[in-house]
Asks: 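This is the structure, below, for whatever I ask next.
Values below: all heavy atoms of this structure, side chains included; hydrogens, waters and symmetry mates excluded. This chain uses plain numbering: 1 for the first residue, then up along the sequence. These numbers were taken from a predicted model, which means no experiment stands behind them.
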Amino acid sequence: MAAVFAVGCGLAAIWSLVKSEMVYRSLIESFPPQFRDPLTSRYAFHVLALSQSTPLSLQEDYVKSLVAFCVAFLCLSLCFFSLQQLIIGCLCLLVFFASVVSTVKSWKTYRENCNRPIAQGSEEEP
């Protein structure tokens with residue numbers, strides 16, 4: 001059973017990383033000049049990915065990558081629990097819960113951006 005959880009963790013983690021990297025590469029040119037280098041751009045990525053100026057499709061992809069990250073840590077936690085590694089499993093479960101809280105906040109920000117008047121007006125126009 002641990003192998004199933006490990007494979008699930010690996011697939012979710014890879015999908016999350018690929019989706020996140022796609023959003024990152026789409027947004028890097030729109031970063032302010034002080035955040036364009038590889039080190040500092042990672043610090044600004046979360047904020048800029050969910051800013052109102054970011055296209056909603058990229059915001060949606062970013063939130064999906066966060067959900068996949070949560071799934072990866074849940075699978076990792078279940079993998080360790082199935083291997084009778086309770087302490088490591090609990091630590092991974094704590095990371096899972098923290099990432100769920102962060103993902104829910106990000107999803108709420110995304111929903112607020114979807115419901116803003118500019119977004120609604122742009123969807124109605126052909």
Side-chain angles (χ1 to χ4, degrees):
M1 195 61 161
V4 172
F5 293 132
V7 169
C9 173
L11 291 174
I14 290 169
W15 192 85
S16 175
L17 289 172
V18 167
K19 194 61 103 167
S20 179
E21 187 65 23
M22 288 171 47
V23 172
Y24 174 77
R25 288 179 188 253
S26 297
L27 290 178
I28 191 70
E29 295 302 319
S30 66
F31 285 12
Q34 67 267 27
F35 293 114
R36 287 194 182 166
D37 66 274
L39 180 62
T40 56
S41 66
R42 294 293 176 178
Y43 294 112
F45 176 57
H46 177 74
V47 174
L48 294 172
L50 293 172
S51 71
Q52 291 183 356
S53 62
T54 303
L56 292 175
S57 61
L58 290 176
Q59 290 183 38
E60 180 183 6
D61 287 345
Y62 178 69
V63 172
K64 286 179 182 179
S65 76
L66 294 177
V67 170
F69 179 78
C70 292
V71 170
F73 262 95
L74 178 62
C75 288
L76 185 63
S77 176
L78 292 172
C79 178
F80 281 116
F81 283 136
S82 68
L83 293 172
Q84 305 300 318
Q85 299 293 323
L86 299 179
I87 294 173
I88 299 172
C90 286
L91 290 174
C92 291
L93 197 59
L94 286 174
V95 172
F96 164 72
F97 286 128
S99 64
V100 165
V101 169
S102 176
T103 300
V104 167
K105 288 179 183 178
S106 297
W107 180 78
K108 285 181 180 180
T109 302
Y110 165 69
R111 292 306 310 160
E112 288 172 5
N113 289 339
C114 285
N115 294 329
R116 71 181 189 265
I118 296 170
Q120 291 176 348
S122 65
E123 290 176 2
E124 293 174 4
E125 296 179 44

Asks: Does Ser102 offer a backbone N or O that forms a donor-acceptor pair with the side chain of Ser106 under 3.5 Å?
Replies: yes
Asks: Working note: Thr109 + Asn113, criterion side chain to side chain contact (heavy atoms under 4.5 Å, CB included); need CA distance, chi angles, decisive distance, verdict.
Replies: CA-CA 6 Å; Thr109 302; Asn113 289 339; 4.1 Å; yes
Asks: Quick one: sort the Phe45 and Phe31 rings into parallel, tilted or perpendicular, breaks at 30° and 60°.
Replies: tilted
Asks: Between Trp15 and Val63, is there a shared hydrophobic cluster once you connect ILVMFWY residues whose side-chain heavy atoms come closer than 4.5 Å?
Replies: no
Asks: Going from CZ on Arg111 to CD on Glu60, what distance comes out if it is rounded to the nearest 0.5 angstrom?
Replies: 9.0 Å
Asks: With rounding to the nearest 0.5 Å, note down the distance linking CD in Gln52 to SG in Cys114.
Replies: 11.0 Å
Asks: Clusters formed by hydrophobic residues whose side-chain heavy atoms approach within less than 4.5 Å: which one holds Phe81, and what are its other members?
Replies: Met1, Phe5, Phe69, Phe73, Leu74, Leu76, Leu78, Phe80, Leu86, Ile88, Leu93, Val95, Phe96, Phe97, Val100, Val104
Asks: Output, in order, the C-alpha distance, side-chain angles, deciding distance and verdict of side chain to side chain contact (heavy atoms under 4.5 Å, CB included) for Cys75 and Val71.
Replies: CA-CA 6 Å; Cys75 288; Val71 170; 4.2 Å; yes
Asks: I need the Ile28 CD1 to Glu21 CD distance, nearest 0.5 Å.
Replies: 9.5 Å
Asks: Checking salt bridge (charged side-chain N to carboxylate O under 4.0 Å, His left out) for the pair Lys108/Glu112: CA distance, chi angles, key distance, verdict?
Replies: CA-CA 6 Å; Lys108 285 181 180 180; Glu112 288 172 5; over 6 Å; no
Asks: Quick check for you: to the nearest 0.5 Å, what is the distance between Leu83 atom CG and Cys79 atom SG?
Replies: 4.5 Å
Asks: Under 3.5 Å, is there a donor-acceptor pair between the side chain of Ser65 and the main chain of Tyr62?
Replies: yes
Asks: Please confirm whether the backbone N or O of Glu29 pairs with a side-chain atom of Arg36, one donor and one acceptor, at under 3.5 Å?
Replies: yes
Asks: To the nearest 0.5 Å, how far apart are OG in Ser77 and CG in Leu91?
Replies: 9.0 Å
Asks: Supply the atom-to-atom distance Met22 CE to Leu27 CG, rounded to the nearest 0.5 angstrom.
Replies: 11.5 Å
Asks: Between Thr54 and Leu48 (side chain of the first, backbone of the second, donor and acceptor by atom type, cut-off under 3.5 Å), is there such a pair?
Replies: yes
Asks: Does any N or O in the side chain of Ser20 come within less than 3.5 Å of the main-chain N or O of Ser16, such that one atom is a donor and the other an acceptor?
Replies: no
Asks: For the residue pair Gln59 and Arg116, what are the closest heavy atoms and their distance?
Replies: NE2-NH1, 4.5 Å
